[in-house]
Number of protein chains: 2
Amino acid sequence: MATIRDVSKIAGVSVATVSRTLSKPDKVSEKTRKLVNDAIKQTNYKPDILARNFRTRKSSTIVVLVPDIANPFFSRVIRGIEQTAQRLGYAVLLGDTQGLREREITYANMVYTSQADGIIQLDCHIPFEDKNDCTSPIVNACDCVRGSNMPTVQLDNVAAAKEMAKHIISLGHTDIGIISGPENSTITNDRLRGFKQSLEEAGLSYNPANRMFGDYSLPSGAMAASDLLSKPIPPTAIMCMNDEMAIGAIRQAKKMGFSVPDDISVTGFDDISFAEFFDPPLTTISQPAEEFGSNAMEMLFDLINNKEPESKNILLPFNLVIRESTGNKK
Amino acid sequence: MATIRDVSKIAGVSVATVSRTLSKPDKVSEKTRKLVNDAIKQTNYKPDILARNFRTRKSSTIVVLVPDIANPFFSRVIRGIEQTAQRLGYAVLLGDTQGLREREITYANMVYTSQADGIIQLDCHIPFEDKNDCTSPIVNACDCVRGSNMPTVQLDNVAAAKEMAKHIISLGHTDIGIISGPENSTITNDRLRGFKQSLEEAGLSYNPANRMFGDYSLPSGAMAASDLLSKPIPPTAIMCMNDEMAIGAIRQAKKMGFSVPDDISVTGFDDISFAEFFDPPLTTISQPAEEFGSNAMEMLFDLINNKEPESKNILLPFNLVIRESTGNKK
DNA sequence: ACAAAAAATGTAATCAATTACATTTTAATT
DNA sequence: AATTAAAATGTAATTGATTACATTTTTTGT
């Protein structure tokens, strides 16, 4: 592998000039520039990024902490991150954490060892051993940490869930089941809050026995639905906190002989690509997944470069998509 | 940030001893080891990985080139890569290439600039400007490059498709549609070959007009199915080259008034998590997606460290999963 | 107690780029 | 032509760890 010194020798100039030709070509005379570029071609020189990163004390790399990369929503967010990162000259290190604190810390430490310049966290944890360590550039996307001052890119989950619940109630449903995410999740709590608000506004009361817990997976949705629908008087609608659990729930409902939406309405959240193609097509909340990623990356870029980001708490718009999994109460 | 020099001063030893305490503790006496470890704790020293990587001339990082990270099958493969990489002490750089040669080359160049030690390629291209450059550690997983000597981790796609076709034929179908991937894909061609073999063995002839092209996406499956089912005499079975296209096809078939599997049988490939939960549950070929990733990573590890891998062409097992999207020809 | 061998530790070069500062060359102004 | 300013280029320090080799200390065997 040719080094900058090889190039400088062949071109008959100093290493500084070679370096400048690459980074600030306008500071180099046309004549030498040509000399250097020819030598670069001749030697097939590629600057050693490792050496450059070491010298400049930055890695041009960021870490993404994601609880599960196989989740279709997260993978879209990551796609958004990756594209923007590439545009801004950053590489993306993948940290699939399975939601494990230990792994999050391992990956977050990469910032301290200068392997990464910043972190995008998609889970609702602070990935540091010491909460006060939260000084490194970090942005929280999707599911934020309540009560921390971490910059965030979020949906207005309260409003979205409220709108969804309103839609369900407007169809005449009064006994509504909930399949929620884990208890410690901020988005879960926000969405529950929105749900309750709509109930209240409609003069309905919240029945905690109608809430089942899932883990955002297909089988967990099926299991929760099974519990809900086995009740002596099952609810006539089920609001799920993501599309996978909704799909699992519908599958289970059909298995148990219920018709969707005739006997029971089911709603999702996220609008993953499968939602539209399911039978029946899923009523859900669509979110601009890629934009979560690109906004988070842009904000992180500002933080890394000590620019004040325009906003430290971005709210992205949602959209209630009414399809055929919801219908009037019979 | 404390450096190794700070630690050495506080511990009253040389930097070499500190370095050794970390990398080869058995070469250091217990007494000094304690001294050094105390100093490390006191200073909260974390070795600068950037400096280490620079000095040792390796990044302990690999790049994964993936055509689309939002594809559920690929994201499982990546999960397998990530887990094994972490176990082996490697970080994973994500290269979402959208199948673009230009991006593949950009990412593959990271090996030349020592940003990465090796490459796992999930698409069927050679990611080098010059094919002879293919000397850096690289492993091809999932969809291999025909006629290159790149090490691979693959499915026996010919056998899998053959088995699937056999199943369809055994149900009495003779007019079978194919929804295939793009023409240049190796897995597409292999699967087509397997399909043809089963036809031949059953004494049936292959009808090129029954083959539609998709791009592995849900809508492309729906469109292809629409073409197939609009024929004066539509096929009674459709074999799709992945689950998404199969789901898209079933959705379209239902929309057009066909019943699956009564009027038409549909099969997928991959056994993504949604396959089981779809209505009807999809007959498909299951693949050990995570193992593609872990095997590829292990092989790459050997290549990077100049160990001869046990095998340079790993074939992974598949499984025909018969569910309810296929049935006897009426 | 001494020599030889083994273990522990230290010194200083090294990796490949960037860049502050010094020096030289060129251009502009009178 | 002389002076000054501006542009171009060069010199050498710097980044933080690793490690070959040199030196010192400890252990072993007699």
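Just so we're clear, the structure is a prediction, and the values are computed from it rather than from any experiment. So you know, we letter chains A, B, ... as the sequences are listed, proteins then strands, and number each from 1.
Taken over five-pair windows at either terminus, the axes of the helix from C:dA1-D:dT30 to C:dT30-D:dA1 are inclined to one another by 30° (rounded to 10 degrees).
Straight-line distance from the CG atom of B:D6 to the C1' atom of D:dA17: 13 Å, rounded to whole Å. Taking atom NZ of residue A:K58 and atom P of nucleotide D:dT15, one finds them 17 Å apart after rounding to whole Å.
Residues satisfying the salt bridge (charged side-chain N to carboxylate O under 4.0 Å, His left out) criterion with A:K9, sequence neighbours excluded, are absent altogether. Looking at residues two or more places apart in sequence or on another chain, you find a side chain to side chain contact (heavy atoms under 4.5 Å, CB included) between A:I314 and A:V153, A:N295, A:M299, A:S311, A:L316. By the side chain to side chain contact (heavy atoms under 4.5 Å, CB included) test, A:I105 is found to be paired with A:R101, A:N109, A:E129, residues two or more places apart in sequence or in another chain being considered. A search for side chain to side chain contact (heavy atoms under 4.5 Å, CB included) contacts involving B:V15 returns B:I4, B:R5, B:S8, not counting sequence neighbours. Shown here are the ring-ring contact (aromatic ring centres under 6.0 Å, His included) partners of A:F74, two or more places apart in sequence or in another chain: there are none. Every side-chain hydrogen bond (donor to acceptor under 3.5 Å, both in side chains) that A:T152 has, sequence neighbours left out, goes to A:N313. Remark: B:D143 pairs with B:C124, B:S185, B:T186, B:I187 by the side chain to side chain contact (heavy atoms under 4.5 Å, CB included) rule, at least two apart or across chains.
Within a heavy-atom distance below 4.0 Å of DNA chain C, the residues of residues 30-37 of chain B found are B:T32.
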Practice problem: Let me have a per-nucleotide readout for nucleotides 12-22 of chain C, 5' to 3', with B, S or -, counting only protein heavy atoms under 4.0 Å. | Solution: BBBBBBBB---

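Each ring-ring contact (aromatic ring centres under 6.0 Å, His included) pair with one or both residues in residues 15-43 of chain A, not counting sequence neighbours, would appear here, but there are none. Within the structure, every pair that satisfies the side-chain hydrogen bond (donor to acceptor under 3.5 Å, both in side chains) test and touches residues 298-307 of chain A, not counting sequence neighbours, is listed here: A:R87-A:E298.
A salt bridge is absent between A:R52 and A:D48; no separation between the charged side-chain nitrogens and carboxylate oxygens falls under 4.0 Å.
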